[in-house]
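Step one of this worksheet: look at the structure below.
Letters go in sequence order (proteins before strands), and every chain restarts at 1.
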Number of protein chains: 2
Amino acid sequence: MQPPYHRLEEFVTLSADEAEIVKGWAANRREVKRYRAIRREGEPVAAVYFLMEGWVGSSLMLRDGRRQIVKVHLPGDLLGFPSLALASAGETLEALTDAVVCPLPPGVVGKILAENPRLAAGLFLSTQKERVALMQQLAWVGATSALERLIAFLLDLHDRLVAANLVKDGSFEFPLTQQHLGELLGLTTVHVNRTLRRLDETGLVERSRARMRIKDVQELREAAATVAPLFAGQEAWNRLGNPS
Amino acid sequence: MQPPYHRLEEFVTLSADEAEIVKGWAANRREVKRYRAIRREGEPVAAVYFLMEGWVGSSLMLRDGRRQIVKVHLPGDLLGFPSLALASAGETLEALTDAVVCPLPPGVVGKILAENPRLAAGLFLSTQKERVALMQQLAWVGATSALERLIAFLLDLHDRLVAANLVKDGSFEFPLTQQHLGELLGLTTVHVNRTLRRLDETGLVERSRARMRIKDVQELREAAATVAPLFAGQEAWNRLGNPS
DNA sequence: CGGTTACTTGACCATTCTCAACGCCGGTGG
DNA sequence: CCACCGGCGTTGAGAATGGTCAAGTAACCG
């Protein structure tokens, strides 16, 4: 199977040199078992991570033990970047399936910023894309009902799984527990359960073990409270490159 | 009054050249009246903005008209960066007070990425800081009660106002309506009102017209559900510059 | 096959929302 | 200068979405 470099080429096509740099990351693989932490909040910021295989959650812990999952990462994602601005890590990275990550010391990022403007622009835009995703999630969680949140998340997940080539025959692996969904969407496990049941009673999705199928993506989109933003791809890079 | 460049120097001290670049931004000032949009969702991504004076809100609109404010920006903030990754703007930027912004075409950002690695690293880290802030807000909104959300927001605002030198004698201007607070925290106006009353009945804050005073910041911090993250400042830049 | 973990369901509870009315304050026009 | 108007803030009563507690069931793992 091809390493998931799709997200790195989304905004800037990589030159041969740049592709070499990226491939070099794979030299350092770290395998992580399901539910194990890759890095916890409060630990030193020793690296960022390229997610090679598996799913990983980024979460914040509140003082009383409640937890908010802020992102479910899929293969090809870069993890841990926000903590580069912090004195110690601000997010816990936890494997949601068995996973493989490639740790990149902050110096690698610095070197790219210093020496490779194209790749730097790609990273920069990728980071902005993540900000948009966070803004969207905040909108779901802050302004919509349980059902709408679930729909919005499933659609977003679906689209990202398609991009990562992980949807087969319209269905995909779904390793999240209902507890995870609750912590992601700001709901209790019990209510996630009821809402999920409602969703598949209406025939919009089908759950079986650790798989899920969205039966009619178009119909589900119409039930969603937000419209997925349209990313600019290459055009974003062109804008950066053509000061007016 | 000094232009608010504090946020640009947070991670990387600017060289004389770099300071010149930044000062050059001020050449192009755009004044915006309170409640006027600087840029709406869906419009072309013509620029990002440096906020010179005043407060600005970034918000997303849902299909049914509900709105989520994702950030209240203060002087010194850079606005509109997430939309650089999008085909058309993903957030509406609305002046919450009379404001002055300096529009920067995307090409200016591209030029910095291409030619000025130090400034680029500063921007990059600033952006990561914003991501951390968004993650925190998501945690408040997703995982805490109305009272805790309000406290968390007020503390965060307070700290940022202090950094921008906008707190005088322990009190600060507070131009947000209760509706804004609701849209920011995922609550209705009515409930914001009740919660605010509860807050000042307990004597933790004092409201008068368009000002607010936090009577005991330390005590309020103890009542908060999250701990504000510690930003790395210069150290973050050092990490980037010293690949291990 | 036993034990653990996740999922499911029910009954009850509470935080927050909805709807509605009213008061205050600032601005505007006569 | 005063009267009106509109926006914002405030308060009350009742409804509802989602939370809590609890128990039971199904799936998975060693």
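- If you take NE2 of B:H191 and P of D:dA13, they are 17 Å apart, rounded to a whole angstrom.
- A donor-acceptor contact closer than 3.5 angstrom is absent between the side chains of B:E130 and B:T127.
- Within the nucleic acid shown, A:T189 has no heavy atom closer than 4.0 Å to any nucleic acid atom.
- Protein atom CZ of A:R66 is 12 Å distant from nucleotide atom C1' of D:dG19, rounded to whole Å.
- Protein atom CG of A:L181 is 11 Å distant from nucleotide atom P of C:dT8, rounded to whole Å.
- For the OP1/OP2 pair of C:dT9 and a distance below 4.0 Å, the side-chain nitrogens and oxygens of A:R197 include at least one atom meeting the criterion.
- For the residue pair A:T188 / A:H191, no side-chain donor-acceptor distance below 3.5 Å is found, with atom types taken as modelled.
- In summary, the side chains of A:S59 and A:E91 do not present any donor paired with an acceptor at a separation below 3.5 Å, with no hydrogens or angles considered.
- Taking atom CD of B:Q178 as the reference point, atom C1' of D:dC8 lies 8 Å away to the nearest angstrom.
- As judged by a 4.0 angstrom heavy-atom cut-off over every strand, B:G182 is placed among residues making no nucleic acid contact.
- In this structure, CZ of B:R207 is placed 10 Å from C1' of D:dT10, rounded to the nearest angstrom.
- Straight-line distance from the CG atom of A:N193 to the C1' atom of D:dG18: 14 Å, rounded to whole Å.
- If you take CZ of A:R34 and P of D:dC28, they are 11 Å apart, rounded to a whole angstrom.
- Residues A:V190 and A:S145 each lie close to DNA chain D; by heavy-atom proximity, the contact nearer the 5' end of the strand is made by A:S145.
- No side-chain N or O of B:T189 forms a donor-acceptor pair with one of B:Q178 less than 3.5 Å apart.
- Positionally, the nearest nucleotide of DNA chain D for B:T177 lies more toward the 5' end than for the other of B:R194 and B:T177.
- D:dC29 atom P lies 11 Å from atom CG of A:D98, rounded to whole Å.
- Comparing C:dT9, D:dT20, C:dC17 against the side chain of A:T188 picks out D:dT20 as the nearest.
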